[in-house]
Amino acid sequence: MTTLKEYLDSAGCEPMLSDLIILIAAQAAPIREAFIDNQSYAGTENTSGERQAALDVWSDEHLTKVIEESGLVKELASEEKSDVVTFPGAKGNYAVVMDPLDGSSLIQVNLCVGTIIGIYDNGKALSRGDELRAAMYMLYGPMTVLTISVGKGVYTFAMDKSGEYRMLEGPVKMPEGKIYGSGGLNKDWTATHREFIESIEAEGGKLRYSGSFVADFHQILKYGGIYCYPATIDNEIGKLRLVFEANPIGFLAKQAGGAISDGKNNLLEISPEKSNHKTPIYVGSEGLIKRLESICGR
Ligand code: AFP
């Protein structure tokens, strides 16, 4: 089976980018290893005021160290840090955006969580999603799975016993499907969001929502459908973050034939105002995003 390195070479990745991707992807092994000693909450909050799990903090510190030591990255933005960090001595001109551990409320119940990464080659972490050079996530499920795009479709790999990633599938095409999941309390949904969800349910849509965006997206990538974390009547900016969550996942969705939107705009075309810029998110099959935008645009 094709290894990650063989795939990146065949996709024409420049050697520095290939090295950076392989280095970050390899960190899935130590992060997985760290689950057992980091099951509690850390007693701290991130910049969005959310409780940090010990594994959020561990993964953030670990990835930051590895990325800095690579000498390839000029800027790093992380969901667990208040500001963009700069590494002035870097020889490479990459910028990395990351959610070191997405879905952290599921750590203590052993459900699927993951690490989300976006890579820019312009040295600027606060860039638009459509400027990403590459995006990927590592998923800590029954297998350790890497889903990646370097702008030439989406490919999935699984880590074997020796730590080598071997290709599972690709190019992955997201079908039109009927799986849906929505964050936000039902009582706080807006009329347009409710109308959209009811239209999916009327067609036999199946509810799947775990509390881990990256795991829920992975299912939608395979079967089609939509993940939503909408604006609600008490919170019009939503909960998820444009830079670390929406943009890398949106890039992957687009590369697989899907789309991402806040209900009216393609999120990949929005310039982040700050590191923890929040936005309503809808990501999934293209037809459902078109339907959503026609309901919201009325
Ligand atoms: P973090 O674990 O990185 O904080 O992300 C959690 C999350 O942003 C996303 O992964 C989930 O889909 C969503 O929050 C769950 O939120 P609710 O608990 O409000 O449904």
Side-chain angles (χ1 to χ4, degrees), residues 28 31 34-35 38-64 76-82 96-118 135-141 147 179-190 193 197 207-221 225-250 252-253 260 262 267 272 275-284:
I31 291 174
F35 274 63
N38 290 280
Q39 283 288 304
S40 58
Y41 276 93
T44 48
E45 288 186 349
N46 67 14
T47 49
S48 302
E50 294 162 356
R51 283 208 296 167
Q52 287 180 303
L55 197 59
D56 283 325
V57 177
W58 192 95
S59 309
D60 182 53
E61 287 172 356
H62 177 76
L63 286 168
T64 301
L76 171 68
S78 164
E79 188 184 295
E80 305 305 330
K81 299 186 197 302
S82 46
V96 170
V97 295
M98 65 178 183
D99 182 349
L101 215 289
D102 181 61
S104 22
S105 69
L106 302 183
I107 294 166
Q108 291 187 30
V109 290
N110 197 29
L111 289 178
C112 193
V113 297
T115 298
I116 306 174
I117 302 280
M136 63 199 218
Y137 57 81
M138 293 95 87
L139 211 54
Y140 312 111
T147 299
I179 288 178
Y180 77 97
S182 176
L185 297 183
N186 189 304
K187 72 177 180 59
D188 297 328
W189 285 357
T190 61
H193 181 68
I197 296 294
L207 173 62
R208 294 274 172 88
Y209 184 82
S210 73
S212 168
F213 173 45
V214 66
D216 289 342
F217 174 75
H218 195 63
Q219 188 168 187
I220 283 160
L221 179 66
I226 193 155
Y227 169 96
C228 325
Y229 210 109
T232 51
I233 50 178
D234 60 337
N235 178 13
E236 61 182 28
I237 58 172
K239 176 183 179 191
L240 271 65
R241 278 117 317 203
L242 178 65
V243 174
F244 326 109
E245 289 167 311
N247 281 341
I249 297 290
L252 286 158
I260 190 164
D262 62 5
L267 286 179
S275 198
N276 75 342
H277 182 143
K278 289 190 185 174
T279 178
I281 289 190
Y282 294 83
V283 60

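All ligand and atom numbering here is 1-based and tracks the order in the structure.
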Taking the six-membered ring for Trp, are His193 and Tyr282 parallel (under 30°), tilted (30 to 60°) or perpendicular (over 60°)?
-> tilted
The protein heavy atom nearest to atom 19 (O) of ligand 1 is Tyr229 OH, 2.7 Å
Near Phe213 (heavy-atom distance under 4.0 Å), the atoms of ligand 1 are 9 (C), 10 (O), 11 (C), 12 (O)
Restricting to heavy atoms, the pick from Lys278, Glu50, Lys239 nearest atom 7 (C) of ligand 1 would be Lys239
among protein heavy atoms, the one nearest atom 20 (O) of ligand 1 is Tyr209 OH, 2.6 Å
Are the side chains of Ser275 and Phe244 in touch, meaning some heavy atoms are under 4.5 Å apart? yes
- Query: Under a 4.0 Å N-O cut-off, is there an ion pair linking Arg241 with Glu50?
  - Reply: yes
Counting from 1 in the order shown, the ligand 1 atoms closer than 4.0 Å to a non-hydrogen atom of Leu240 are 8 (O)
Note: Ser105, heavy atoms under 4.0 Å from ligand 1, region reported as neither
With Asp102 as partner, the option from Thr115, Ile116, Leu139 fulfilling side chain to side chain contact (heavy atoms under 4.5 Å, CB included) is Ile116
Between Gln52 and the options Asp60, Val57, Leu101, the side chain to side chain contact (heavy atoms under 4.5 Å, CB included) test singles out Val57
Rounding to 0.5 Å, atoms CE (Met98) and NZ (Lys81) come to a distance of 5.5 Å
For Asp99, the atoms of ligand 1 under 4.0 Å from one of its heavy atoms are 3 (O)
Here the atoms of ligand 1 under 4.0 Å from any heavy atom belonging to Tyr227 are 11 (C), 12 (O)
Atoms of ligand 1 under 4.0 Å from any heavy atom of Glu79, numbered from 1 in the order shown, are 1 (P), 3 (O), 4 (O)
The reported gap from CD1 in Ile249 to NE2 in His218 (rounded to nearest 0.5 angstrom) is 10.5 Å
d(Ile117 CD1, Ser78 OG) to nearest 0.5 Å is 9.0 Å
Please confirm whether Leu101 comes under 4.0 Å of ligand 1, counting heavy atoms of the residue only. yes
d(Arg51 CZ, Asn46 CG) to nearest 0.5 Å is 12.0 Å
Gly103 heavy atoms within 4.0 Å reach ligand 1 at atoms 1 (P), 2 (O), 3 (O), 5 (O), 10 (O)
The atoms of ligand 1 lying under 4.0 Å from a heavy atom of Arg241, numbered in the order shown, are 8 (O)
Near Ser104 (heavy-atom distance under 4.0 Å), the atoms of ligand 1 are 1 (P), 2 (O), 4 (O)
Just checking Tyr229 against Phe213, ring centres under 6.0 Å apart?
no
Check your understanding: Measuring from the heavy atoms of Phe244, does anything fall under 4.0 Å of ligand 1?
Key -> no
Heavy-atom distance under 4.5 Å between the side chains of Glu79 and Asn276, does that happen here?
no
for atom 11 (C) of ligand 1, nearest protein heavy atom and its distance come out as Gly211 O, 3.3 Å
Any N or O of Asp102 that comes nearer than 3.5 Å to an N or O of ligand 1?
-> yes
Ranked by distance from atom 8 (O) of ligand 1, the top protein heavy atom is Glu245 OE2, 3.1 Å
